[in-house]
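Report on the following structure.
Heavy atoms only: backbone and side chains are in, while hydrogens, waters and symmetry mates are out. In listed order, ligands and their atoms are each counted from 1.
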Amino acid sequence: MTQLFSEIGTADVSTVVAGASGSPAAAQPGPLSPFVARHLGPTEQDAEAMLAALGYASLEELIEATVPSAIRLQQALDLPQGLDEAAALAQLRSLAAQNQVWRSYLGLGYANTLTPAVIQRNVLENPGWYTQYTPYQPEISQGRLEALLNFQTLVTDLTGMEIANASLLDEGTAAAETMTLAFNARKQKDAKTFWVSAACHPQTIDVVKTRALPLGIAVMVGDHRSFSFDTPVFGVLLQYPATDGAVYDYEDFIAAAHGANALVTVAADLLSLTLLRPPGEFGADVVVGNTQRFGVPLGFGGPHAAFFATRNAFARKLPGRLVGVSKDTYDNPALRLTLQTREQHIRRDAATSNICTAQVLLAIMAAMYAVYHGPEGLRAIGDRIHHHTLALASALTAAGFDLGQEPVFDTLRVGVGDLQSDILTRAADHRINLRALDSETLIVALDETVTEADLQDLITVFTGSTPPLSHSPTPSLPHLPSPLQRTTPYLTHPTFHRYHSETEMLRYLYRLQNKDLSLATAMIPLGSCTMKLNATAEMVPVTWPEFGQIHPFAPAEQTAGYRKLFSDLETWLGEITGFDGVSLQPNAGAQGEYTGLLVIREYHQQRGEHHRNVCLIPQSAHGTNPASAVMAGMKVVPVACDEDGNIDVADLQAKAEKHGEKLAALMVTYPSTHGVFEAGIAEICAIVHDHGGQVYMDGANMNAQVGLCRPADFGADVCHLNLHKTFCIPHGGGGPGVGPIGVKAHLAPYLPGHGLVAGVGGDQSVGAVTSAPWGSASILPISWMYIAMMGGAGLKRATEVAILNANYIAQRLAGHYDILYTGQNGRVAHECILDVRPFKKSADIGVEDVAKRLIDYGFHPPTMSWPVAGTLMVEPTESESKAELDRFCDAMIAIREEIRAIETGQADRDHNLLKHAPHTAADLVSDWDRPYSREQAVFPTPFTRSAKFWPAVNRIDQAYGDRNLICSCAGMENY
Ligand SMILES: *Cc1c(COP(=O)(O)O)cnc(C)c1O
């Protein structure tokens, strides 16, 4: 019966769903792997029924009616046959086995860490956490918002600052963001130089340089002990402890910087701040860094959560997400994302940054690590590492090595002279990685996993013999002098003191998890975000040690498995998009946009066309597009959309002509952000090319294209993919993400490289855009597994079913709601927009009321007010079953009837089911004076009666939280 989705031994499918094109002459789509039926929601019978409802005899007919034939891919994707879960895992196991897990003491801002098992299993490996979406609907996101508030508190307390955001993509990016903040806030408008200490991690310096270039900022690298501010600089960046381990006292330098009107950023190791005086106490304006060593695996470079802490004065200039305390309708404290007016989705090209997806899941892990250990536990970890470092220092000094005179926390700079190659040979014999700073100096950085046996091995490696380790070593390095010692308390809030037993911790994690609606609860039909299945088999490899326990700068010989995985993915994504070159480096879609535009910029520069700096962006574009264009040094010129939501081709033509010589690029989303396959896409690309511009395609909607058409074939020069949308990496409650870009051959030389690792990117690379050479390497196995299990035929089928599901919803809801935009033959692509604007007038009901009422029915609301204000955008994805789609449609139809009751006067205009939504358990026990029943409020359907998802709080007052900014745990007590 299941010819549609289960294993078919032949491509000759004669029933409702024909093969690739139904034509025997076309390339044959091979058999579908059994995994395909598990990835897809609808069964064959379901699909038949849905197609019948739409009036098509086959899936192929629907696709023909929906996707413009001019851009249809004529052949099957050239990808390996799909595998079942076991076979794909076995193949990936053999790749993983080619990675070697050595002990890495390489430092550079990455450290081995002991992920508490209770956090690994119950957060990192738990779909209740990792399948959550970004907390735009705070009433059903209180759990992760509380975890993120803990993260912000952790960061502000340890850094000694006043306010911290809820995670950035990595330390290099955070440093680049602080440069932008300092540049925009500079007092001397002619100061165009950012001064960076040479003691910063080299990859951070590289990422900052890449970011500075298009903004016209000069980066000056120097030594803080000799720089005297004779050149006007608007900001400085210091590292604490320095990349070679030295802990400098920066107080005088910072005073001098302030005297010269420069803002000061300190890139700090958060764990060291348990012992070291925090930068907030010696004058830092901003503190950035990485929280990886708070229990987040190395993962060959990522994903990890970076942080950004500053003074309250800069709260409105912060990049990224910020969680704040507000209140709900009963004045109970309630959390939400605050000051969103800084962000790209509202401010567009005037945003403080282009951050959309950040690193929420990893920030939650780091916060939970701190909650579990508490301040004493963290201090003990810091102390132990520090004492191990001093013990090693004594032994090495006794053996005659020169360790310099600077105090250290966990990293030693060892002068080894001509012994270096002997030492490195012995290190290799012990499967130990050390960092060579130059030909006579080695760096060894310790971490919480280091045991006494490890110390013995290190001594053997350095000295060639095995002297006993002294348990009470005479320190050869100065102990931390008192001006460098921390004296102030941190993490005094009860949250960091209550959950130190595993039982309490487990229950805390589940208590928070249960407040949040994830894919483990119900469909999350968010337009443009593609909340599809994150299959467990795809997730399992992430925590294999061969992927998780590898330092980003481990030598190439130890990472052959990873490199094969990268090249597989680059090849497959290249085939799927039609592009010639792929970079896996960008850590999110928005970073892909920035990277792609840098590549375009470089292309124009290399051709001597420096003047090309105008970026055309349709009005309907995602906010990250204009924000990224600004970061790439471009000037944003909006292009109008017509009344069907398509790009206004006449306006595009006029703007392209007007800016002719200056035209750098068009950014276009396909299918459009209105969820439509624009028939004019090839013409649109041609217009831009005719005027010397390049076409950047925002590939967030790739879920509507895979296997059916390819961006490179219809005119795009660059495109990013969101692997956390189309290719099954989970959203993690707002990150991680991966935003690789594909480019045509003429742009491939400029793909991002890496200063520390050879062989990455093109030979005329734009530089590094992230700290790690392959960005978030450890989650790439997820997308590898997805493609390996689906195969070319399965991927194409997934796209077709995504389109089927969206059209089925549109069809069922038509007549109840207006479907705002449709393409040829009245069909939508993989998502559809429901117009609820008319209800404002007819019933005083806004989009928010409908969204919150949907929560009462047990659903996550669709995307609100984007790309059209006052509407809902629904994207079901291929993974949702017909039963779930029907349940959703039934809920939407029932809500329409509730609105109708207001329209007809049956229900009160002010006190009705929508205005008071979402309803909580607290509502039920309050004095019930509503003109509707408790049952209607919380059990509107039989399903909700049997499986109720309760929102944790009532409707949250959005404005109150912005006016009364409170962004750490302490604020919760003020209520
Ligand atoms: C999600 C999305 C982006 C941004 O991707 P992130 O990974 O969140 O940075 C850009 N454009 C569109 C249309 C999107 O849906």
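- From the protein, the heavy atom lying nearest to atom 14 (C) of ligand 1 is Lys725 NZ, 2.9 Å.
- For ligand 1, the polar-atom distance check finds no N/O of Thr673 at less than 3.5 Å from any of the ligand's N/O atoms.
- In terms of protein heavy-atom proximity, atom 8 (O) of ligand 1 is nearest to Thr357 OG1, 2.6 Å.
- For the pair Trp866 and ligand 1, the shortest N or O to N or O distance does not fall below 3.5 Å.
- Of all atoms in ligand 1, numbered sequentially from 1 with element shown, those under 4.0 Å from a heavy atom of Ala700 are 2 (C), 11 (N), 12 (C), 13 (C), 14 (C), 15 (O).
- Looking at Asn722, Thr134, Leu723, Ile729 and measuring to atom 5 (O) of ligand 1, the nearest heavy atom belongs to Asn722.
- With Lys532 as reference, Glu878 is the one residue of Glu875, Glu878, Glu880 to meet the side chain to side chain donor-acceptor pair (under 3.5 Å) rule.
- Residue-ligand proximity, Gly589 to ligand 1, at heavy-atom distances under 4.0 Å covers atoms 5 (O), 6 (P), 7 (O), 9 (O).
- Listed by number with element, the atoms of ligand 1 under 4.0 Å from a non-hydrogen atom of Ala588 are 7 (O), 9 (O).
- In terms of protein heavy-atom proximity, atom 11 (N) of ligand 1 is closest to Asp698 OD2, 2.5 Å.
- Ligand 1 has an N or O atom lying under 3.5 Å from an N or O atom of Ala590, backbone or side chain.
- For the residue pair Ser518 and Gln132, no side-chain donor N or O sits within less than 3.5 Å of a side-chain acceptor on the partner.
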(request) Please lay out, stage by stage, how Glu800 and Lys796 fare under the test salt bridge (charged side-chain N to carboxylate O under 4.0 Å, His left out). (result) CA-CA 6 Å; Glu800 292 167 341; Lys796 174 168 178 273; 3.0 Å; yes

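- Proximity of the aromatic rings of Phe888 and Phe859 is defined here by a centroid distance below 6.0 angstrom, and this criterion is met.
- In this structure, His754 has its ring center no closer than 6.0 Å to that of Trp774.
- At distances below 3.5 Å, at least one donor-acceptor pair connects side-chain atoms of Thr131 with backbone N or O atoms of Leu519.
- Listed by number with element, the atoms of ligand 1 under 4.0 Å from a non-hydrogen atom of Glu593 are 10 (C), 11 (N).
- Between His39 and Tyr786, the gap from one ring centroid to the other is short of 6.0 Å.
- Set against the non-hydrogen atoms of His724, the atoms of ligand 1 under 4.0 Å away are 6 (P), 7 (O).
- Cation-pi contact between Arg144 and Tyr133: absent, since separation from the ring centre below 6.0 Å together with deviation from the ring axis within 45° is not met.
- There is no side-chain donor-acceptor pair under 3.5 Å between Ser771 and Glu171.
- In this structure, the protein non-hydrogen atom closest to atom 15 (O) of ligand 1 is Ser528 OG, 2.5 Å.
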